[in-house]
Amino acid sequence: MIVIKRDVLTAEEFIDLWESVWDGAPACDQTKLALEHSAVTLTAFDGDVPVGMARAIGDMGLCYYIKDVVVIPSYQGMGIGRMMIDELLAFIKENGVRGTDIAVELCAMPDKIPFYEKFGFAANEAQRLRRYLEV
Ligand SMILES: CC(C)(COP(=O)(O)OP(=O)(O)OC[C@H]1O[C@@H](n2cnc3c(N)ncnc32)[C@H](O)[C@@H]1OP(=O)(O)O)[C@@H](O)C(=O)NCCC(=O)NCCS
């Protein structure tokens with residue numbers, strides 16, 4: 001049985017889950033700082049084994065950004081991504097000001113857009129601007 005837990009994701013688990021689907025995982029100390037400052041992190045466990053993760057950053061009142069949604073390849077297509085997005089949206093609802101709307105945003109590669117559309121996300125004409133800043 002898959003269980004989703006909040007705020008137990010470690011930097012080491014984040015990096016392992018990242019490396020199951022992407023190259024170029026961030027450094028451990030940078031990841032640890034980012035997880036500590038996320039509004040919520042999720043880990044999907046099969047027993048003791050982390051098989052998925054997701055997190056949201058945000059201000060709780062007006063806006064959130066969903067990041068790093070990953071299900072390891074051998075567990076994809078089993079509904080775990082859906083469980084995690086549902087749980088992120090539940091967290092946002094639980095912690096917002098009742099009677100208001102909160103913007104929830106994310107960035108997706110074209111082949112993942114249909115996945116997010118299932119949860120009501122829709123693209124608009126805005127383009128993402130990004131730069132990296134050396135610290
Ligand atoms: C994208 C990802 C998180 C989806 O997780 P998942 O556990 O495989 O998805 P689920 O099994 O919960 O699927 C939920 C629904 O979305 C659909 N879906 C999943 N991936 C899809 C895709 N790429 N395109 C269209 N539909 C998709 C499923 O068919 C399912 O539909 P249904 O509920 O109507 O039957 C997973 O494939 C993944 O980790 N990919 C690699 C990392 C990645 O690209 N993350 C997204 C960053 S933007």
Side-chain angles (χ1 to χ4, degrees):
M1 190 182 70
I2 301 297
V3 175
I4 309 289
K5 291 191 181 164
R6 292 184 184 177
D7 296 330
V8 296
L9 181 65
T10 67
E12 291 79 9
E13 290 165 346
F14 179 102
I15 290 167
D16 284 348
L17 290 163
W18 176 298
E19 287 177 340
S20 78
V21 292
W22 295 314
D23 295 327
C28 196
D29 49 356
Q30 190 182 18
T31 302
K32 187 168 180 294
L33 187 63
L35 297 182
E36 285 167 3
H37 291 84
S38 298
V40 65
T41 69
L42 302 181
T43 314
F45 285 99
D46 181 5
D48 292 338
V49 180
V51 298
M53 68 171 174
R55 68 187 179 111
I57 54 179
D59 60 23
M60 304 186 106
L62 294 175
C63 59
Y64 282 89
Y65 201 92
I66 290 178
K67 294 280 298 168
D68 308 322
V69 181
V70 167
V71 177
I72 66 173
S74 55
Y75 281 77
Q76 289 176 9
M78 297 168 52
I80 298 171
R82 175 180 288 283
M83 289 170 73
M84 294 196 297
I85 300 296
D86 286 345
E87 181 71 4
L88 288 178
L89 298 180
F91 171 89
I92 292 169
K93 280 177 85 83
E94 283 166 27
N95 289 283
V97 177
R98 237 159 258 303
T100 65
D101 291 324
I102 301 181
V104 185
E105 301 186 6
L106 56 85
C107 187
M109 296 304 281
D111 67 325
K112 299 302 181 301
I113 289 174
F115 169 71
Y116 291 109
E117 284 176 337
K118 289 181 179 286
F119 303 91
F121 290 91
N124 65 16
E125 68 283 3
Q127 299 284 308
R128 178 168 69 155
L129 306 185
R130 178 167 72 182
R131 64 159 291 186
Y132 286 100
L133 184 67
E134 189 180 347
V135 181

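Counting starts at 1 for both ligands and their atoms, in listed order.
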Problem - Minimum heavy-atom distance Arg131-Leu133, with the two atoms named - result: NH2-CD1, 3.4 Å

Problem - Considering all heavy atoms, the nearest Leu35-Leu9 contact - result: CD1-O, 3.6 Å

Within the 4.0 Å heavy-atom shell around [X], which atoms of ligand 1 are there?
X      : value
Pro114 : 24 (N), 25 (C)
Met78  : 11 (O)
Tyr116 : 46 (C), 47 (C), 48 (S)

With only distance considered, is [X] within less than 3.5 Å of ligand 1 through an N or O on each side?
X      : answer
Lys118 : yes
Cys107 : no
Val69  : yes
Gly79  : yes
Val70  : no
Asp111 : yes

Which residue holds the protein heavy atom closest to [atom], what is that atom called, and what is the gap in Å?
atom                    : answer
atom 38 (C) of ligand 1 : Gln76 NE2, 3.4 Å
atom 44 (O) of ligand 1 : Lys112 CE, 3.3 Å
atom 33 (O) of ligand 1 : Arg82 NH2, 2.8 Å
atom 39 (O) of ligand 1 : Val71 N, 2.7 Å

Is the shortest side-chain heavy-atom distance between [X] and [Y] below 4.5 Å?
X      : Y      : value
Tyr75  : Ile2   : yes
Ile85  : Phe115 : yes
Ile72  : Leu17  : yes
Ile113 : Phe121 : no
Trp18  : Thr31  : no
Val40  : Asp7   : yes
Phe14  : Val70  : no
Met84  : Val71  : yes

Exercise for the section: For atom 35 (O) of ligand 1, state whether the nearest protein heavy atom is under 4.0 Å away. Expected result: no

Problem - Any non-hydrogen protein atom less than 4.0 Å away from atom 41 (C) of ligand 1 - result: yes

Handout entry: ligand 1-proximal atoms of Leu106, by part, heavy-atom distance under 4.0 Å
Key = neither

Practice task
Could you check which of Gly77, Pro73, Ala108, Gly81 puts a non-hydrogen atom nearest to atom 8 (O) of ligand 1?
Solution key: Gly77

Practice task
Please work out which of Trp18, Phe115, Trp22 has its closest non-hydrogen atom nearest to atom 43 (C) of ligand 1.
Solution key: Trp22

Exercise for the section: For Asp111, look at atom CG and say whether over 12 heavy atoms of other residues, nucleotides or ligands are found less than 6.0 Å away. Expected result: yes

